[in-house]
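A quick write-up on the structure given underneath.
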There are 2 protein chains.
Amino acid sequence: MSNCNNVNHEEYAEIFKALANPNRLKIFSRLATCCKPGTVDVFNPQTSACIGELGDELDIVASTVSHHIKELRRVGLIRTRRQGKNIECWVDPQIVDDLRDFFSF
Amino acid sequence: MSNCNNVNHEEYAEIFKALANPNRLKIFSRLATCCKPGTVDVFNPQTSACIGELGDELDIVASTVSHHIKELRRVGLIRTRRQGKNIECWVDPQIVDDLRDFFSF
DNA sequence: TTTATAATTCGATATATGTCGAATTGTAAT
DNA sequence: ATTACAATTCGACATATATCGAATTATAAA
């Protein structure tokens, strides 16, 4: 269960680049967190959010949030689906496990 | 032992930025890995390396390695000390634990 | 003291990024 | 069909970054 360097560094560098911007990191944390009031499970669907919500919470305009979401999605950190007028965003539990493993040398 | 968002996002964004470059990520992995032949412990001092070694292994000129090392050091991912003509570089075990915790939501 | 080796700093350049506002597209409600 | 709301795309700008080679500095050996 340890990394031991059998890892695609290019791919992980891309992932870390996605987490290297404070706003994107906040978005990711916001979507992954288990501490939001009203949530019980780690990856409770309740922790999902849409572009507008995220923009309001972080005080960024929608176009910028959209851009960040695209980037997080590109590297596989989050998933999205349209739900009516909104785009629902959530974190893929698998990637969090992978990242924890990355740091198990 | 879980992150739960009580975290300085600015600080971690800086750390991830340092890991966002393939060459820096390789340097970090190289220094942190437990799989190098001849090493037994996770953070065995044998896994340390100097600028020249790292440059040879990754085929980058010394000035670039030096620059990357400076950056990794700045954000606390590695430590260094001068040993004669060489600069010895190694990974601080604590930061690896911190990073694993970061992904324990 | 001179020479050799390792690392750092400096200057230059090309490339990428974050952010915004305006215009556009997609979806639902009236 | 019109209106309203949400998200995306586009264009622009300013800022940051990765990399190299040349020049410099630090340390050790002859």
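Here is the naming used below: chain letters follow the sequence lines, and residue numbers restart at 1 for every chain.
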Figure out the [atom1]/[atom2] separation between [X] and [N], and round it to whole Å.
| X | N | atom1 | atom2 | answer |
| --- | --- | --- | --- | --- |
| Arg74(B) | dA16(D) | CZ | P | 12 Å |
| Ile51(A) | dC5(D) | CD1 | C1' | 14 Å |
| His68(A) | dA7(D) | NE2 | C1' | 15 Å |
| Arg81(B) | dA7(C) | CZ | P | 14 Å |
| Ile60(B) | dA6(C) | CD1 | P | 17 Å |
| Ile27(B) | dA18(D) | CD1 | P | 11 Å |
| Leu58(B) | dC20(D) | CG | C1' | 16 Å |
| Ile87(A) | dC5(D) | CD1 | C1' | 13 Å |

(message) Between the base of dG21(D) and the side chain of Ser63(B), is there a donor and acceptor pair under 3.5 angstrom?
(response)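 Flag set: donor-acceptor pair detected.
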
Keeping the roles fixed (side chain from [X], backbone from [Y]), state whether a donor-acceptor pair exists under 3.5 Å.
| X | Y | answer |
| --- | --- | --- |
| Ser29(B) | Leu25(B) | yes |
| Glu53(B) | Cys50(B) | yes |
| Arg82(B) | Gly84(B) | yes |
| Asp92(B) | Gln94(B) | yes |

(message) Nearest to the side chain of Lys17(A), heavy atoms from C-beta on, is which of dG18(C), dT17(C), dC20(D)?
(response)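 Of dG18(C), dT17(C), dC20(D), dT17(C) is nearest to the side chain of Lys17(A).
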
(message) Leu58(B) and side chain to side chain contact (heavy atoms under 4.5 Å, CB included): which single residue from Arg30(B), His68(B), Lys26(B) fits?
(response)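 Checked Arg30(B), His68(B), Lys26(B) against Leu58(B); only one passes side chain to side chain contact (heavy atoms under 4.5 Å, CB included): Lys26(B).
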
(request) Would you please classify the geometry between the Phe105(A) ring and the Phe102(A) ring as parallel, tilted or perpendicular, with 30° and 60° separating the classes? (result)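 If you compare the ring of Phe102(A) with that of Phe105(A), the planes turn out perpendicular.
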
Within the structure, does a side-chain N or O atom of [X] lie under 4.0 Å from either OP1 or OP2 of [N]?
| X | N | value |
| --- | --- | --- |
| Ser66(A) | dT8(D) | yes |
| Asn23(A) | dT19(C) | yes |
| His67(A) | dC20(C) | no |
| Thr64(B) | dA18(D) | no |
| Asn86(A) | dA6(D) | no |

(request) For Ile69(B), report the nucleic acid contact type (base, sugar-phosphate, nothing); a contact means any heavy atom under 4.0 Å. (result)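 No contact.
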
(message) Which residues pass the side chain to side chain donor-acceptor pair (under 3.5 Å) test with Asp56(B), not counting sequence neighbours?
(response)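 Result, side chain to side chain donor-acceptor pair (under 3.5 Å) vs Asp56(B): none returned.
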
(message) How would you summarise protein contacts on nucleotides 23-30 of chain C per nucleotide, using B for base, S for sugar-phosphate only and - for none, with heavy-atom distances below 4.0 Å?
(response) ---BBS--

(request) Between Lys70(B) and Arg24(A), name the one whose nearest nucleotide on DNA chain C is closer to the 5' end. (result)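 Upstream on the strand: Lys70(B).
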
(request) Between Asp59(B) and Glu71(B), name the one whose nearest nucleotide on DNA chain D is closer to the 5' end. (result)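 Result: Glu71(B).
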
(message) If you compare all heavy atoms of Ala13(A) against all heavy atoms of Pro22(B), which two are closest, and at what distance to 0.1 Å?
(response)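 Minimum heavy-atom separation between Ala13(A) and Pro22(B): CB-N, 3.8 Å.
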
